[in-house]
Amino acid sequence: MRDVTFDSETLRVLLHVLAVCVWVGGQIVVGAIVPALRRTHPEALPGIAKAFGRIAWPFFGIAVFTGIWNMVSLPGTSAGWNALLGIKMLLVALSGASAWLHQSTDKTSVRGASAGVALLASLAALVMGVMLSG
């Protein structure tokens, strides 16, 4: 029988889920509002992008930190579970690298492609995280 407590495991999972919500959800929200802003207030885009980055990157770091904390807190796992975890870690790295490329380039085609890759990699990592949790 499981008991209900607020302990370090609860805190660890809470911080991880919150950080992933901000990282992935923020990409979805910003990606959804950019086309409308580009039409109506294009001058606002750089400020919005910088504001999002000030929030998103620390939460990306929290997600990575708590993900590592989650890994070291687990008992033994199967080879299949470990393989899926490795793929998830590669997707997290791809998401972060793509998001960094997106904000670092001035080339429109690279910005669009890297934003798409960052979001798809984030969503795939999220799905794998749900698979690994259960």
Side-chain angles (χ1 to χ4, degrees):
M1 181 157 90
R2 290 185 55 104
D3 195 14
V4 178
T5 60
F6 189 89
D7 55 9
S8 63
E9 180 180 355
T10 304
L11 179 63
R12 180 184 76 231
V13 174
L14 170 68
L15 289 174
H16 191 69
V17 171
L18 175 63
V20 171
C21 286
V22 171
W23 178 253
V24 179
Q27 289 180 66
I28 293 168
V29 170
V30 171
I33 65 172
V34 162
L37 283 172
R38 190 173 288 129
R39 284 188 306 272
T40 60
H41 300 291
E43 72 284 354
L45 287 174
I48 289 170
K50 286 179 184 167
F52 173 66
R54 283 193 301 270
I55 299 299
W57 284 112
F59 277 93
F60 181 78
I62 292 168
V64 170
F65 173 78
T66 55
I68 293 167
W69 186 7
N70 286 335
M71 286 177 3
V72 300
S73 300
L74 291 172
T77 55
S78 70
W81 194 96
N82 290 334
L84 188 61
L85 176 64
I87 295 167
K88 179 189 176 197
M89 291 169 49
L90 287 173
L91 287 166
V92 169
L94 178 61
S95 171
S98 298
W100 175 83
L101 178 60
H102 173 76
Q103 76 177 30
S104 300
T105 186
D106 290 329
K107 295 184 179 182
T108 305
S109 60
V110 174
R111 288 183 73 92
S114 58
V117 170
L119 178 58
L120 291 175
S122 294
L123 290 169
L126 175 61
V127 169
M128 290 181 183
V130 170
M131 292 169 64
L132 291 168
S133 71

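None of the values given here were measured: they were computed from a predicted structure. Numbering of residues begins at 1 and proceeds along the displayed sequence.
- Distance check: Ser98 OG to Gln103 CD gives 12.0 Å after rounding to the nearest 0.5 Å.
- Checked by atom type and distance alone, the side chain of Ser95 never pairs as donor or acceptor with a backbone atom of Leu91 at under 3.5 Å.
- Note on Val127: it clusters hydrophobically with Leu84, by side-chain heavy-atom contacts below 4.5 Å among ILVMFWY residues.
- With values rounded to the nearest 0.5 angstrom, Lys88 atom NZ is found 12.0 Å from Leu90 atom CG.
- Hydrophobic clustering (side-chain heavy atoms under 4.5 Å, transitive across Ile, Leu, Val, Met, Phe, Trp, Tyr) keeps Leu132 apart from Leu126.
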Side-chain donor-acceptor pairs of residues 43-55 under 3.5 Å, sequence neighbours excluded:
none

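- The two residues Pro35 and Ala32 come nearest to each other via the heavy atoms CD-O, 3.5 Å.
- Between Trp57 and Phe60, the ring planes are perpendicular. Angles over 60° get that label, and only those under 30° would be called parallel.
- Annotation: the span from Leu85 atom CG to Met128 atom CE amounts to 10.5 Å, rounded to 0.5 Å.
- Checked by atom type and distance alone, the side chain of Thr66 pairs as donor or acceptor with a backbone atom of Ile62 at under 3.5 Å.
- The same ILVMFWY cluster, assembled from side-chain heavy atoms under 4.5 Å apart, contains both Trp23 and Ile28.
- Without hydrogens or angle criteria, Thr10 side chain to Thr5 main chain gives a donor-acceptor distance under 3.5 Å.
- More than 12 heavy atoms of other residues, nucleotides or ligands sit less than 6.0 Å from atom CH2 of Trp69.
- Residue Met131 places its CE atom among 12 or fewer non-hydrogen atoms of other residues, nucleotides or ligands, all under 6.0 Å distant.
- Taken together through direct or relayed side-chain contacts under 4.5 Å among Ile, Leu, Val, Met, Phe, Trp and Tyr, Leu15 and Met71 form parts of separate hydrophobic clusters.
- Contact between Ala115 and His102 at its shortest, heavy atoms only, is CB-ND1, 3.5 Å.
- For the residue pair Ser73 / Asn70, no side-chain donor-acceptor distance below 3.5 Å is found, with atom types taken as modelled.
- Connection of Val24 to Leu18 is not established within any shared hydrophobic cluster, with ILVMFWY side chains joined at heavy-atom distances below 4.5 Å, either directly or through further cluster members.
- Rounding to the nearest 0.5 Å gives a distance of 10.5 Å between CD1 of Ile68 and NE2 of His16.
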